[in-house]
Amino acid sequence: MTSLIIREASKQDRDAVIALWRACDLTRPWNDPDNDFGFALDKPSSHILIAFSPESGCDPTHAIGTIMVGHDGHRGWFYYLAVTPDQQGQGFGKQLLRAAEEWLLAKGIWKAHLMVRTGNEKVIRFYEDLGYNVSETQVMERWIDPSKRGDNA
Ligand SMILES: CC(C)(COP(=O)(O)OP(=O)(O)OC[C@H]1O[C@@H](n2cnc3c(N)ncnc32)[C@H](O)[C@@H]1OP(=O)(O)O)[C@@H](O)C(=O)NCCC(=O)NCCS
């Protein structure tokens with residue numbers, strides 16, 4: 001299996017990362033991807049990891065995948081795990097998830113959570129294969145600032 005080069009994203013990666021998220025159908029009207037990208041990079045408790053194959057080098061236009069990782073001071077969270085559609089099924093998603101776990105461990109966080117949208121349940125088997133369980137916890141939500149709510153939220 002190809003071992004990916006995985007590094008923290010920089011501002012120069014923004015357009016390529018957002019294009020990848022769109023190609024993987026991860027963007028939604030209520031999550032401005034441009035804002036999400038900048039917000040994660042600006043904070044010490046979060047980052048975006050970006051993956052490249054060793055052959056293509058680390059130019060953002062050759063990005064193979066991403067994962068957003070962060071913690072809230074207690075638990076770790078993952079968002080925007082994406083592998084470009086024509087490169088899926090080669091173990092790259094697994095490498096990105098493991099790299100994000102290492103990122104959390106280095107910050108002293110030993111438990112991670114993620115959310116799977118209704119309609120994307122097929123991805124649950126991928127996470128289960130990598131040791132994740134469907135939690136019995138219910139996630140609740142509220143728009144504290146309703147002006148940020150998109151049309152379909
Ligand atoms: C989810 C995603 C990141 C997985 O990436 P990937 O590179 O295709 O996955 P991998 O090749 O690393 O798979 C790792 C393991 O999970 C298994 N797996 C992957 N997708 C699976 C699926 N849909 N169902 C069951 N098992 C799956 C693989 O067989 C592999 O097992 P192995 O290591 O024993 O061979 C990719 O499919 C993707 O980008 N999907 C669209 C975006 C998305 O839904 N992201 C998740 C949001 S919660």
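As the structure lists them, so they are numbered: ligands from 1, and atoms in each ligand from 1.
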Legend entry - Parallel, tilted or perpendicular: ring planes of His71 versus Trp103, cut at 30 and 60 degrees: tilted

Inset, instruction - Return a yes/no value for Leu26: is any of its N or O atoms, backbone included, closer than 3.5 angstrom to an N or O of ligand 1? - result: no

Inset, instruction - Look at the side-chain heavy atoms of Ile, Leu, Val, Met, Phe, Trp and Tyr, link any pair under 4.5 Å apart, and say whether Leu96 and Val116 land in one connected group. - result: yes

Inset, instruction - May I ask you to check if ligand 1 and Gly93 share an N or O to N or O distance below 3.5 Å? - result: yes

Legend entry - salt_bridge(Arg28, Asp25) N-O dist < 4.0 Å: yes

Legend entry - Min N/O separation Gln87 to ligand 1 under 3.5 Å: no

Inset, instruction - Determine if the distance from atom 10 (P) of ligand 1 to the closest protein heavy atom is below 4.0 Å. - result: yes

Inset, instruction - May I ask you to check whether Tyr127 has an N/O atom sitting below 3.5 Å from an N/O atom of ligand 1? - result: no

Inset, instruction - Kindly confirm or rule out an N or O of Leu81 lying under 3.5 angstrom from an N or O of ligand 1. - result: yes

Legend entry - Sub-3.5 Å N/O-N/O distance, Val83 and ligand 1: yes

Legend entry - Sub-3.5 Å N/O-N/O distance, Gln95 and ligand 1: no

Inset, instruction - Report the relative orientation of the aromatic rings in Trp21 and Phe37; use parallel for angles under 30°, tilted for 30 to 60°, perpendicular for over 60°. - result: tilted

Inset, instruction - State whether the number of non-hydrogen atoms from other residues, nucleotides or ligands found under 6.0 Å of Arg117 atom CZ is greater than 12. - result: yes

Legend entry - Mode of Leu114 contact toward ligand 1 - side chain, backbone, both, neither (heavy atoms, under 4.0 Å): neither

Inset, instruction - Among all protein heavy atoms, pick out the one at the shortest distance from atom 38 (C) of ligand 1; state its residue, atom name and that distance to 0.1 Å. - result: Gln88 NE2, 3.3 Å

Legend entry - Arg14/Asp36 ion pair, N-O < 4.0 Å: no

